[in-house]
Each structure stands twice: as C-alpha cells, then as structure tokens.
Asker: 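The structure follows.
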Amino acid sequence: MNDKFQAVVVGSDISAYAFARELNDEYGIKPIMFSRFSATVLIDSQIITPYQADTSTDEKNN
C-alpha cells in the first residue's frame, strides 16, 4: 500500500459511506469523509475520519 495516498469521500449519504467502506475493506485505507451537514451516525465510525464543512461563510439568500 502507498502510505502517501489519502482517500477523500465527499458526502454523508449511504452511497458515500458504502464507497468509504469499500476502500477500507479492500485497501485498508481509512478515508476522510467530508460533508456539509453533521452526520452524527458517522462520528463513532472506526473506518472513516469524518469532517464537517464550515458553512458559516456561505452566502445567505435574503
């Protein structure tokens, strides 16, 4: 395995998690899962590293 490779999965839906799981199962990679919304079910996952996007700077529609 190449130690310089870091997988990043964007999204927090079931298909994003399934893809992250496949990477973990097949290659032993612990992917970063980057999503806009908090996915509390993913916080305790042992196969991914979850990150939430900072949405505080998003433009607001008035």
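Both backbone and side-chain heavy atoms feed into the values below; hydrogens, waters and symmetry mates do not. Along the sequence shown, residues carry numbers from 1.
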Asker: Distance check, rounded to the nearest 0.5 Å: N24 atom CG versus Q46 atom CD?
Answerer: 10.0 Å
Asker: According to side chain to side chain contact (heavy atoms under 4.5 Å, CB included), who are the partners of A18, at least two apart in sequence or on a separate chain?
Answerer: none
Asker: To the nearest 0.5 Å, what is the distance between CD (Q6) and CD1 (I32)?
Answerer: 4.0 Å
Asker: side-chain hydrogen bond (donor to acceptor under 3.5 Å, both in side chains): which pairs involve residues 13-22, sequence neighbours left out?
Answerer: D13-S15
Asker: Just how far is it from atom CD1 of I47 to atom CG of D25, taken to the nearest 0.5 Å?
Answerer: 6.5 Å
Asker: Should Y27 and F19 be counted in the same cluster of Ile, Leu, Val, Met, Phe, Trp and Tyr side chains packed under 4.5 Å apart?
Answerer: yes
Asker: What is the distance from atom CD of Q52 to atom OG of S12, rounded to the nearest 0.5 Å?
Answerer: 9.0 Å
Asker: Take F5 and I29 through the test side chain to side chain contact (heavy atoms under 4.5 Å, CB included) and record every step on the way to the result.
Answerer: CA-CA 9 Å; F5 179 75; I29 296 170; 3.5 Å; yes
Asker: List the atom of A16, the atom of V10, and the distance in Å for their closest heavy-atom pair.
Answerer: CB-O, 4.3 Å
Asker: Do M33 and T49 come close enough that some side-chain heavy atom pair is under 4.5 Å?
Answerer: no
